[in-house]
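What follows is a short report on a single structure.
Just so you know, these numbers use all the heavy atoms, side chains as well, and skip hydrogens, waters and symmetry mates. Positions are given from 1, in the same order as the sequence printed here.
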Amino acid sequence: MEISIEEFEKEILKVLEDLPQKFKDKFENIDFLIEEEGISPLIRGKSGGPRYTLGLYHGLPMTSKTHRGQLFPDRIIIYKRSIEAVSRDIRSLKRNIKRVVLHEIGHYFGISEKKLKDLGY
């Protein structure tokens, strides 16, 4: 399932707009990026098929920051083609975009991978 980069960006912006204000107010020095190409699937999933990286948080979680100022922004990278590859139709694509964006935002707020999986992200 493929959509244009503009449509993909609109879906990400919708997820960000729908966040409660108390979370949006906490965003500080963070960039959201879309990369067309994802990281090549080097790891095999439980089913034996490729395991895609759908998104990546790069930075220091808020729970570890010392408010002395940060030179470089944190980054959340969303991999467009990887998300498209695991989506069957437009509905699952939108659901996957939302899940991945919220998952990476969770890392920004210091939530562990295990806790995010327990929460369904």
Side-chain angles (χ1 to χ4, degrees):
M1 168 90 267
E2 291 184 30
I3 60 174
S4 71
I5 191 75
E6 294 82 13
E7 291 173 283
F8 196 87
E9 182 178 5
K10 282 180 189 175
E11 289 302 316
I12 291 173
L13 290 172
K14 182 178 181 329
V15 174
L16 296 174
E17 289 168 7
D18 290 347
L19 284 172
Q21 191 63 44
K22 66 182 178 180
F23 292 108
K24 290 192 267 191
D25 290 345
K26 302 268 186 209
F27 286 145
E28 191 175 295
N29 202 22
I30 184 167
D31 290 335
F32 289 84
L33 307 168
I34 299 169
E35 290 207 7
E36 282 277 345
E37 297 295 327
I39 298 170
S40 295
L42 300 173
I43 302 170
R44 295 281 175 207
K46 291 179 184 174
S47 66
R51 185 170 170 204
Y52 294 95
T53 299
L54 307 177
L56 181 68
Y57 168 68
H58 185 271
L60 189 62
M62 286 201 59
T63 53
S64 300
K65 290 184 181 172
T66 63
H67 298 288
R68 289 189 203 145
Q70 187 178 343
L71 187 56
F72 297 106
D74 289 358
R75 298 182 339 179
I76 290 178
I77 304 166
I78 307 300
Y79 296 106
K80 181 179 182 289
R81 291 224 172 111
S82 294
I83 293 176
E84 290 172 339
V86 300
S87 301
R88 293 182 308 274
D89 52 32
I90 191 68
R91 187 171 168 213
S92 67
L93 178 67
K94 289 179 179 184
R95 185 176 57 246
N96 287 332
I97 291 170
K98 181 177 181 177
R99 185 179 53 81
V100 171
V101 170
L102 293 176
H103 178 101
E104 301 309 330
I105 288 172
H107 286 311
Y108 173 79
F109 285 110
I111 302 173
S112 72
E113 191 72 30
K114 182 183 180 326
K115 182 67 174 175
L116 286 166
K117 284 185 181 180
D118 291 346
L119 293 170
Y121 294 101

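- No donor-acceptor pair closer than 3.5 Å links the side chain of Ser64 to the backbone N or O of Leu60.
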I'd like a table of donor-acceptor pairs (distance under 3.5 Å, sequence neighbours excluded) in which one partner is a side-chain atom from residues 99-106, with atom names and distances.
unit_1: His103; atom_1: ND1; unit_2: Tyr121; atom_2: O; d: 2.3
unit_1: His103; atom_1: NE2; unit_2: His107; atom_2: NE2; d: 3.1
unit_1: His103; atom_1: NE2; unit_2: Glu113; atom_2: OE1; d: 3.3
unit_1: His103; atom_1: NE2; unit_2: Glu113; atom_2: OE2; d: 3.2
unit_1: Glu104; atom_1: OE1; unit_2: Tyr57; atom_2: N; d: 3.0

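- Atom CD1 of Ile77 sits about 11.5 Å away from atom CD1 of Ile34, to the nearest 0.5 Å.
- Going from atom OH of Tyr108 over to atom CZ of Phe23 covers 12.5 Å, rounded to the nearest 0.5 Å.
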Table please: side-chain donor-acceptor pairs of residues 2-14 below 3.5 Å, with sequence neighbours left out.
unit_1: Ser4; atom_1: OG; unit_2: Glu6; atom_2: OE1; d: 3.4
unit_1: Ser4; atom_1: OG; unit_2: Glu7; atom_2: N; d: 3.1
unit_1: Ser4; atom_1: OG; unit_2: Glu7; atom_2: OE1; d: 3.1
unit_1: Glu7; atom_1: OE1; unit_2: Ser4; atom_2: N; d: 3.1
unit_1: Lys14; atom_1: NZ; unit_2: Asp18; atom_2: OD2; d: 3.0

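- Closest approach of Ser87 and Leu93 over heavy atoms only: OG-CA, 3.3 Å.
- Summarising the geometry, atom NZ belonging to Lys94 is positioned 11.0 Å from atom OG belonging to Ser92; distances are rounded to the nearest 0.5 Å.
- Annotation for Tyr79 and Thr53: closest pair CD1-O, 3.5 Å, computed over non-hydrogen atoms.
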If you apply the rule side-chain contact (heavy atoms from CB on, under 4.5 Å), what do you find for Tyr52 with Ile83, and how did you get there?
CA-CA 8 Å; Tyr52 294 95; Ile83 293 176; over 6 Å; no
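- Gln21 has its side chain within reach of Lys24: a pair of non-hydrogen atoms, C-beta onward, lies under 4.5 Å apart.
- In this view, Asp118 and Lys114 satisfy the side chain to side chain contact (heavy atoms under 4.5 Å, CB included) rule, not counting sequence neighbours.
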Before giving the answer on side-chain contact (heavy atoms from CB on, under 4.5 Å), spell out for Lys22 and Lys26 the whole-Å C-alpha distance, their side-chain angles and the decisive distance to 0.1 Å.
CA-CA 7 Å; Lys22 66 182 178 180; Lys26 302 268 186 209; over 6 Å; no
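- Looking at every heavy atom in both residues, Met1 comes nearest to Glu84 through O-CB, 3.0 Å.
- With a 6.0 Å radius and a threshold of 12 heavy atoms from other residues, nucleotides or ligands, Phe109 has its CZ atom above the threshold.
- Summarising the geometry, atom CD1 belonging to Ile78 is positioned 11.5 Å from atom CG belonging to Asn96; distances are rounded to the nearest 0.5 Å.
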